[in-house]
Amino acid sequence: MASIRVDKWLTTAGYGTRSEAKKLCRAGRVRLNGETVKDAAKHADPAVDVLEVDGELVPYEPLVYFMMYKPPGYVSSTEDPRDPVVIELLDEEDIWRDVFPVGRLDKDAEGLLLLTNDGPLAHRLLAPKRHVPKRYFVRVRGALGEGDARALAEGVVLDDGYKAMPAELEILRSGAESEAIIQVYEGKYHQVKRMFASLGKRVTFLKRISMGPLSLDPALKPGEYRRLTEGEIEALRAYDGRGER
Ligand code: URA
């Protein structure tokens, strides 16, 4: 195996961004074959060398990140007793990597789904307190007006009595069937459908177009996926959500 930089090894193994990996080295917390490495640019060979952070072995299992255009009809999980799951859409060479979907889209919903085997990153993106913004394109039955946008901005009360966090609504078209983009900061079960239901409107089409710094690639067709670019991975690692509200 070719040798790689120590900071690359650390970020690949989930130890944060490149600059965080450099900091770990500078702090003297990283050892290569038993010797402290302060210089994160030093090269190492994962096939023969031993890397440790705070005495813990750092495995070299490359993390992978896929952006999928989830099609309707698939369940956002790794297995399901009845329905097809998104994992079945992966090519054979990608299935063994044990990726899982970060968050869920309903079976009938479509759009951006991130799949990865990076557990800590998934955990950070899903942590409710981070309020990672998610944007959805929706079609609903009935007209949408500024009153609806105001109600969503204040926080509508869902069917179980929970008051949803404020959300932003951009109305694209209003009529017998309306179209809009809604940005929400939480991901409760059927969140968007229930928010519109509280306004007396039924969602007939739901497509996620972004999550945090990640936007659905318009070149992807339903059922297709691609690897994230280095820039997208770095943006996700550095992403901190909106913080506490
Ligand atoms: N809100 C919903 O109602 N469904 C989804 O799949 C995602 C957000």
Side-chain angles (χ1 to χ4, degrees), residues 66-80 82-89 99-116 122-142 144 148-149 151-172 177-218 220-225 236 239 241-242 245:
F66 302 125
M67 170 191 293
M68 178 180 282
Y69 185 151
K70 176 200 171 300
Y74 282 75
V75 176
S76 304
S77 74
T78 50
E79 43 187 41
D80 190 86
R82 274 191 317 271
D83 294 308
V85 294
V86 290
I87 297 299
E88 293 168 30
L89 295 164
V99 297
F100 54 86
V102 180
R104 283 165 174 266
L105 279 174
D106 295 339
K107 185 178 153 197
D108 62 351
E110 56 186 78
L112 175 65
L113 195 63
L114 170 66
L115 297 144
T116 183
H123 189 74
R124 282 204 303 281
L125 281 173
L126 295 176
K129 70 173 185 46
R130 287 206 190 233
H131 308 311
V132 171
K134 289 170 274 280
R135 284 161 74 77
Y136 297 87
F137 171 83
V138 291
R139 262 187 218 121
V140 302
R141 282 221 185 104
L144 284 175
D148 296 312
L152 290 167
E154 271 162 30
V156 289
V157 178
L158 303 184
D159 47 6
D160 58 359
Y162 172 78
K163 187 169 190 278
M165 282 177 59
E168 287 121 45
L169 184 72
E170 184 190 340
I171 300 166
L172 303 173
E177 186 184 63
S178 302
E179 291 179 349
I181 290 176
I182 183 167
Q183 175 155 305
V184 302
Y185 299 88
E186 52 191 350
K188 303 226 176 295
Y189 183 63
H190 291 336
Q191 176 95 25
V192 172
K193 290 175 184 163
R194 290 162 68 212
M195 287 169 93
F196 280 101
S198 79
L199 300 170
K201 273 147 214 164
R202 195 173 130 74
V203 172
T204 57
F205 179 84
L206 183 66
K207 174 180 172 184
R208 180 152 63 199
I209 51 180
S210 74
M211 181 167 92
L214 208 60
S215 292
L216 181 63
D217 184 336
L220 288 177
K221 296 194 187 62
E224 291 182 345
Y225 71 100
L236 276 182
Y239 192 69
R242 295 209 320 178
R245 261 195 154 205

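Sequence positions, counted from 1, serve as the residue numbers for this chain. First listed ligand is number 1; within each ligand, the first listed atom is number 1.
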Ignoring hydrogens and geometry, is there a side-chain-to-backbone donor-acceptor pair from Glu154 to Ala151 under 3.5 Å?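 No; judged by distance alone, with no hydrogens or angles, the pair does not exist.
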Which atom pair, heavy atoms only, marks the closest approach of Pro101 to Leu113?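 Shortest heavy-atom separation between Pro101 and Leu113 comes out as CB-CD2, 4.0 Å.
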Tell me the side-chain hydrogen bond (donor to acceptor under 3.5 Å, both in side chains) pairs involving residues 204-215, sequence neighbours left out?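 Every side-chain hydrogen bond (donor to acceptor under 3.5 Å, both in side chains) pair that includes a residue of residues 204-215, provided the two are not neighbours, is Tyr136-Arg208.
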Quick one: side-chain hydrogen bond (donor to acceptor under 3.5 Å, both in side chains) pairs with a partner in residues 103-115, sequence neighbours left out?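 Matches after skipping sequence neighbours: Tyr69-Glu110, Asp83-Lys107, Asp106-His190, Asp106-Lys193, Asp108-Lys193.
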Tabulate below the donor-acceptor pairs under 3.5 Å that side-chain atoms of residues 71-79 make, not counting sequence neighbours, or state none.
residue: Ser76; atom: OG; partner: Leu105; partner atom: N; Å: 3.0
residue: Ser76; atom: OG; partner: Leu105; partner atom: O; Å: 2.9
residue: Ser77; atom: OG; partner: Glu79; partner atom: O; Å: 3.0

Polar contact flag, side-chain donor to acceptor under 3.5 angstrom, Glu186-Tyr162: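 Yes, a side-chain donor-acceptor pair sits under 3.5 Å.
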Anything with a heavy atom under 4.0 Å from ligand 1 counts, so go ahead and list those protein residues by chain and number.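 Within the 4.0 Å shell of ligand 1, which is judged on heavy atoms, sit Leu105, Asp106, Ala109, Tyr136, His190, Gln191, Val192, Lys193, Leu206.
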